[in-house]
Amino acid sequence: MSSLPVPSALDARTQAFPVLTAAQISRIRSGSKVREVKKGEILFEPGETNVPFFVLLSGSMEIVQSDLAGERLIVTHGPGNFTGEMTMISGRGTLVRGRVTEPGEFLELSADGLRSLVAKDAELSEIFMRAFILRRLELIRTGQGNVILMGSRHSANTRRLREFLTRNEHPYTYVDLDTDKTSQELLDRFEVKVDEIPVVICSARSVLRNPSIQELAECLGLNNAIDESQVRDLIIVGAGPSGLAAAVYAASEGLDTVVIETATPPMFLGFCKILRGVPRE
């Protein structure tokens, strides 16, 4: 009985950060604009939505993430590389900062333009989808999110928040106060009471004491992409098998559909957005 080969760490890295060919870049160029960038220019910040998709023609940029110590480098992009991960498709706020390190020319494509492109170009769709998923998995594996959750394994509220972040595939760093005595001493110094645990540090700026799921979701901007004033064709409550099937079918028929669920898979939401861009036969 044969089994599929397991990709090496190098293979996974190459697939997560591929270099596009000249022919592939040419197909992206038709719907993009060329942008001259300068060293030090910030192209996007954590929490921003509708962030453009960039393909580097020349120059370089770094993708960094804020933490309590300042910044940590995730990757440096060069010519042929492209930006983005799953938030490009889901419409949620980006988790990282993009900073130009060497001046050059970038192709800039809007988020809607990217979704339209992947709906029409099967090859690019596969490349982008694989890269976006692998990049998110790496963020989850290394705990490189914009959330630090400090709690106890014996706390039901801690478990509730961890389950919410995990089900939403949102990368985070967990500090176990049962074993990390230094962090516990820090909370004691700031007079954090037992009933105020867990403590969540959100986007390195907001400190939430024993937050509800709604408070955490609002801090992370998980619903920022939803326009509450927009009239929808269809609202589906519940993302179980029936709800998902109904949403996919409705979106494929061109209906403006929204699914309400405690933990909706980000890539599913992006899939519905892509389907909405496909003309009906």
Checklist entry - If you look only at pairs with a residue in residues 142-153, which of them pass as a salt bridge (charged side-chain N to carboxylate O under 4.0 Å, His left out), with sequence neighbours excluded? => result Arg153-Asp176, Arg153-Asp178
Item to check | Contact check, side chains of Leu165 and Leu220, non-hydrogen atoms, under 4.5 Å | outcome: yes
Checklist outcome for this item: side chain to side chain contact (heavy atoms under 4.5 Å, CB included) test vs Glu62 passes for just one of Leu73, Val96, Ile74, namely Leu73
Checklist entry - When you measure from the side chain of Ser252 to the backbone N and O of Val248, does any donor-acceptor pair fall under 3.5 Å? => result yes
Checklist entry - Which heavy-atom pair separates Val231 from Asp256 by the least distance, and what is that distance? => result O-OD2, 4.2 Å
Checklist entry - Does the pair Arg160/Glu163 count as a salt bridge with the N-to-O cut at 4.0 Å? => result no
Checklist entry - Are any of the side-chain heavy atoms of Ile201 and Val147 separated by less than 4.5 Å? => result no
Checklist entry - Who passes salt bridge (charged side-chain N to carboxylate O under 4.0 Å, His left out) against Arg209, sequence neighbours left out? => result Glu196
Item to check | Listed partners of Pro52 passing side-chain contact (heavy atoms from CB on, under 4.5 Å), at least two apart | outcome: Phe54, Glu108
Next on the checklist: According to a hydrophobic-cluster definition based on side-chain heavy atoms being under 4.5 Å apart (Ile, Leu, Val, Met, Phe, Trp, Tyr only), do Val75 and Phe106 belong together?
Outcome noted: yes
Checklist entry - Atom CG of Leu114 and atom CZ of Phe132: how far apart are they, to the nearest 0.5 Å? => result 5.5 Å
Item to check | Non-hydrogen side-chain atoms of Tyr249 and Leu255 separated by less than 4.5 Å | outcome: no
Checklist entry - Between Gly151 and Ile197, which heavy-atom pair has the shortest distance, and what is it? => result CA-CG2, 4.0 Å
Item to check | Ile25 versus Gly80, closest heavy-atom pair with distance | outcome: CD1-CA, 4.3 Å
Checklist outcome for this item: CD of Glu169 to CG of Leu139, rounded to nearest 0.5 Å, is 12.0 Å
Checklist entry - Salt-bridged, Glu71 to Arg97, with N to O below 4.0 Å? => result yes
Item to check | Nearest heavy atoms of Phe82 and Ala131, plus distance in Å | outcome: CZ-CB, 3.7 Å
Checklist entry - Any side-chain heavy atom of Leu95 within less than 4.5 Å of one from Glu85? => result yes
Checklist entry - Where does the angle between the aromatic ring planes of His77 and Phe17 fall among parallel (under 30°), tilted (30 to 60°) and perpendicular (over 60°)? => result tilted
Next on the checklist: Would the distance check show the side chain of Arg29 and the main-chain N or O of Leu107 forming a donor-acceptor pair, the cut-off being under 3.5 Å?
Outcome noted: no
Next on the checklist: Please check: side-chain N/O of Ser58 versus main-chain N/O of Glu105, any donor-acceptor pairing under 3.5 Å?
Outcome noted: yes
Next on the checklist: Quick check: closest heavy atoms across Leu161 and Val200, and the distance to 0.1 Å?
Outcome noted: CD1-CG2, 4.0 Å
Checklist entry - Should Arg35 and Leu43 count as side-chain neighbours, where that means a heavy-atom distance under 4.5 Å? => result yes
Item to check | Non-neighbouring partners of Phe44 that pass ring pair (Phe, Tyr, Trp, His ring centres under 6.0 Å), sequence neighbours left out | outcome: none
Checklist entry - Are Tyr172 and Ile140 connected in the hydrophobic side-chain network, where two residues link if heavy atoms are under 4.5 Å apart? => result no
Checklist entry - Do Lys38 and Val100 have side-chain heavy atoms sitting under 4.5 Å apart? => result no
Checklist entry - Between Thr158 and Ser152, do the side chains contain an N or O donor and an N or O acceptor separated by less than 3.5 Å? => result no
Item to check | ILVMFWY network linking Val19 to Leu57, side-chain heavy atoms under 4.5 angstrom | outcome: no
Checklist outcome for this item: Separation between OG1 (Thr83) and CG (Leu56), nearest 0.5 Å, reads 8.0 Å
Checklist entry - How about Cys219 and Leu208: do any of their side-chain heavy atoms sit closer than 4.5 Å? => result yes
Checklist entry - What heavy-atom pair brings Leu109 and Gly31 nearest, and what distance separates the two atoms? => result CD1-O, 3.2 Å
Item to check | Partners passing side-chain contact (heavy atoms from CB on, under 4.5 Å) against Val194 (at least two apart in sequence or in another chain) | outcome: none
Next on the checklist: Would you compute the distance between atom NE2 of His170 and atom CZ of Arg136 and round it to the nearest 0.5 angstrom?
Outcome noted: 7.0 Å
Checklist entry - Around atom CD of Glu123, are there more than 12 heavy atoms of other residues, nucleotides or ligands at under 6.0 Å? => result yes
Checklist entry - Going only through I, L, V, M, F, W and Y residues with side-chain contacts under 4.5 Å, is there a path from Leu187 to Ile148? => result yes
Next on the checklist: Using modelled atom types and a 3.5 Å cut-off, is there a donor and acceptor pairing between side-chain atoms of Asp121 and backbone atoms of Leu117?
Outcome noted: no
Checklist entry - Taking only residues two or more places apart in sequence, or in another chain, which ones meet Asp180 in a side-chain contact (heavy atoms from CB on, under 4.5 Å)? => result Val175, Thr182, Ser183
Item to check | Asn50 CG to Asp112 CG distance, which is reported to the nearest 0.5 Å | outcome: 7.0 Å
Checklist entry - What distance do Met86 atom CE and Arg135 atom CZ have between them, rounded to the nearest 0.5 Å? => result 13.0 Å
